[in-house]
Student: 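Before anything else, here's the structure in question.
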Amino acid sequence: MEDIDQPLDASLGSKPSEPRLRFTESVRSDLLETAKWALFFAVLMFIVLGLLAFASLALIVTAGAYGFGMAIVMMGIYGSLIFFPAWYYYKFSTLTRQALNFDDNNALEMGFWYLKRFYKFVGILIIVVISLYLLILIGSLLFVSSSRFPN
Amino acid sequence: MEILDNQFTENTNEGGLQVTRNMKVNWLSTSKWAMFLAVLGFIYAGFTIIVAFAMMPMMTTMMTLGGQTELAMLMESFGSLVIGLTVLAAAVTFFINLFQLRFSSNIQRSMQFDDQNAFEAAWRNLRLHFRLYGILIIVGIVLYVIAIIAIGGMAATGLEGLE
């Protein structure tokens with residue numbers, strides 16, 4: 001804990017090249033393993049996406065026009081919900097490993113940007129899901145109370 | 001320019017990767033979302049524990065009152081196993097989110113106080129978070145595969161018995 005009497009936002013100021021925090025060997029190895037796991041998760045999500053595409057193709061073949069609509073809804077909603085986090089993890093992983101291998105600072109910046117995008121996406125998704133649950137809960141409570149006591 | 005060059009030469013043992021302002025902005029945002037997700041995870045783990053210890057006896061009682069004593073006895077005999085597994089799941093959830101929370105608080109502290117130790121602890125905790133999550137997912141996939149094989153095997157023996 002050196003330089004404790006400097007302003008708190010000193011590190012956030014306009015001196016980007018001041019190497020206070022350093023990417024030491026331990027940080028680099030932590031980042032490398034994190035990036036590898038992120039690639040693993042991304043690949044798993046892409047596999048799920050492929051299964052989803054296969055299922056919607058089967059829907060189109062078996063159920064015709066109705067299946068086509070279902071498939072579009074399924075791929076549109078679930079597909080994008082899976083695709084974006086998978087893509088963000090994939091980019092985070094590849095960019096971070098590229099940065100560590102070739103000492104590419106720009107790639108590292110972009111990698112962290114994608115990590116942020118992932119967290120933001122998942123966070124907003126969870127907020128939306130929780131609010132949907134609450135809405136359904138309130139709606140069903142209203143429905144039950146109105147059908148229990150007509151007028 | 002000279003100052004910049006000096007810093008680059010100083011940093012050769014760290015491979016020239018440097019913390020930039022953009023990174024810090026992104027880390028700040030990431031850490032806030034990570035904190036939010038971690039708190040939600042803790043709540044989820046708490047709910048899991050409550051469900052394990054409150055719902056199981058309740059369901060057993062309801063089944064006994066409903067006259068399904070055999071089902072209730074089955075529940076009771078499996079009860080400790082189910083509670084044990086649920087507590088294990090809650091513990092894993094707790095640790096996954098503890099690592100995430102520690103990542104969040106450490107990266108924030110490292111940026112506020114230029115604390116290299118907190119910086120290293122943050123990435124160590126993010127790594128542990130990812131590792132535990134990955135192991136959990138691998139275990140889940142393996143259990144799914146085993147379940148599919150077991151169900152397939154049972155179905156096959158069932159068909160043989162019919163013939």
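Just so it is clear: chains get the letters A, B, ... in the order the sequence lines come, proteins before strands, and each one is counted from 1.
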Student: Which atom names give the shortest non-hydrogen contact between B:W123 and A:V27, and what distance separates them?
Tutor: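 Result for this residue pair: CD1-CG1, 3.5 Å.
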Student: Of the backbone (N, CA, C, O) and the side chain (C-beta and beyond), which part of A:F40 lies under 4.5 Å from a heavy atom of chain B, both, or neither?
Tutor: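 Interface part for A:F40: side chain.
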Student: Working to the nearest 0.5 Å, report the span between CG of A:D30 and CZ of B:R124.
Tutor: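 Interatomic distance, A:D30 CG to B:R124 CZ, rounded to 0.5 Å: 4.0 Å.
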Student: What distance do A:E25 atom CD and B:E120 atom CD have between them, rounded to the nearest 0.5 Å?
Tutor: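 These two atoms lie 10.5 Å from each other.
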Student: Can you tell me which portion of A:I124 sits under 4.5 Å from chain B's heavy atoms? Options are side chain, backbone, both or neither.
Tutor: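 For A:I124, the contact with chain B is made by backbone and side chain together.
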Student: What are the two closest non-hydrogen atoms of B:Q116 and A:T24, and how far apart are they?
Tutor: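 Heavy atoms of B:Q116 and A:T24 come nearest at NE2-CG2, 3.4 Å.
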Student: Let me confirm one number: the CD-CD distance from B:Q18 to A:E109, rounded to the nearest 0.5 Å.
Tutor: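 Here the rounded value is 10.5 Å.
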Student: What about A:L57 and A:F83, same hydrophobic cluster or not, with Ile/Leu/Val/Met/Phe/Trp/Tyr joined at side-chain heavy-atom distances under 4.5 Å?
Tutor: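 The answer is no; the residues belong to distinct hydrophobic clusters.
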Student: Between OG1 of B:T30 and OH of A:Y114, what distance do you get to the nearest 0.5 Å?
Tutor: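 So the gap between those two atoms works out to 14.0 Å.
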Student: Does OH in A:Y78 sit with more than 12 non-hydrogen atoms of other residues, nucleotides or ligands closer than 6.0 Å?
Tutor: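 At most 12 heavy atoms, drawn from other residues, nucleotides or ligands, come within 6.0 Å of this atom.
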Student: Which answer fits B:L128, side chain, backbone, both or neither, if we ask what part of it has an atom under 4.5 Å from a heavy atom of chain A?
Tutor: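 Neither part, no heavy atoms under 4.5 Å.
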Student: Taking atom OH as the centre, does A:Y90 end up with more than 12 heavy-atom neighbours from other residues, nucleotides or ligands that are less than 6.0 angstrom away?
Tutor: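 For A:Y90, atom OH is not crowded (no more than 12 foreign heavy atoms under 6.0 Å).
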Student: Less than 6.0 Å separating the ring centroids of A:Y119 and B:F36?
Tutor: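 Centroid separation for A:Y119 and B:F36: 6.0 Å or greater.
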Student: Begin with the C-alpha distance, continue with both residues' side-chain angles, and end with the deciding distance and a verdict on ring-ring contact (aromatic ring centres under 6.0 Å, His included) for B:W27 and A:F112.
Tutor: CA-CA 7 Å; B:W27 290 339; A:F112 286 131; 5.1 Å; yes
Student: Chain A: which of B:L40, B:N26, B:I138 shares the most heavy-atom pairs with it under 4.5 Å?
Tutor: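 With the most close heavy-atom pairs to chain A, the winner is B:N26.
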Student: What closest approach, in Å, do B:F119 and A:R22 show between heavy atoms, and which atom pair accounts for it?
Tutor: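 So the two residues come closest at CE2-O, 3.4 Å.
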Student: With only heavy atoms counted, which part of A:I126 is less than 4.5 Å from chain B, the side chain, the backbone, both or neither?
Tutor: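 For A:I126, side-chain heavy atoms alone lie under 4.5 Å from chain B.
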Student: With chain A, which of B:A34, B:A121, B:S31, B:A118 has the greatest number of heavy-atom pairs at distances under 4.5 Å?
Tutor: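 The answer is B:A34.
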Student: Which bit of A:F121 is near chain B, if near means a heavy-atom gap under 4.5 Å: side chain, backbone, both or neither?
Tutor: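 Neither part.
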Student: Same cluster for A:L132 and A:L81 if Ile/Leu/Val/Met/Phe/Trp/Tyr side chains link at under 4.5 Å?
Tutor: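 Yes, A:L132 and A:L81 fall within the same hydrophobic cluster.
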Student: Would B:V145 end up clustered with B:M154 when hydrophobic side chains under 4.5 Å apart are linked, directly or stepwise?
Tutor: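 Result: no, two separate clusters.
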Student: Please indicate whether A:M74 has more than 12 foreign heavy atoms, meaning atoms of other residues, nucleotides or ligands, lying under 6.0 Å from its CE.
Tutor: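 Yes, because the 6.0 Å sphere around CE of A:M74 holds more than 12 heavy atoms from other groups.
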Student: Given side chains that start at C-beta, do those of B:M23 and A:N105 come closer than 4.5 Å, heavy atoms only?
Tutor: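 Heavy-atom side-chain distance check passes, below 4.5 Å.
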Student: For residues A:L21 and B:D114, report the shortest heavy-atom separation together with the two atoms involved.
Tutor: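 Heavy-atom minimum between the residues: CD2-C, 3.8 Å.
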Student: Angle between ring planes, A:F92 versus B:F130, binned at 30° and 60°: parallel, tilted or perpendicular?
Tutor: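 The rings of A:F92 and B:F130 sit tilted, inter-plane angle from 30° to 60°.
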Student: Among the clusters formed by ILVMFWY side chains lying less than 4.5 Å apart, do A:L52 and A:V61 turn up in the same one?
Tutor: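 A:L52 does not cluster with A:V61.
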Student: Hey, are the side chains of B:V19 and A:F23 touching, using non-hydrogen atoms and a 4.5 Å cut-off?
Tutor: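 They are in contact (side-chain heavy atoms under 4.5 Å apart), so the answer is yes.
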Student: Is there a path of hydrophobic side-chain contacts, each under 4.5 Å between heavy atoms of I/L/V/M/F/W/Y residues, joining A:I136 to A:F143?
Tutor: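 They do not share one cluster, since no chain of ILVMFWY contacts under 4.5 Å joins A:F143 to A:I136.
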Student: Given heavy-atom pairs under 4.5 angstrom as the criterion, report whether the side chain, backbone, both or neither of B:I137 touches chain A.
Tutor: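 Interface part for B:I137: side chain.
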Student: When rounded to the nearest 0.5 angstrom, what distance separates CG in A:L108 from CG in B:L17?
Tutor: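 Reported to 0.5 Å precision, the distance equals 5.5 Å.
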Student: Could you measure the distance from the CG atom of B:L37 to the CD1 atom of A:I127? Nearest 0.5 Å is fine.
Tutor: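 It is 9.0 Å, given to the nearest 0.5 Å.
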Student: Report which part of A:A35 has an atom under 4.5 Å of a heavy atom belonging to chain B: side chain, backbone, both, or neither.
Tutor: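 Neither; nothing under 4.5 Å.
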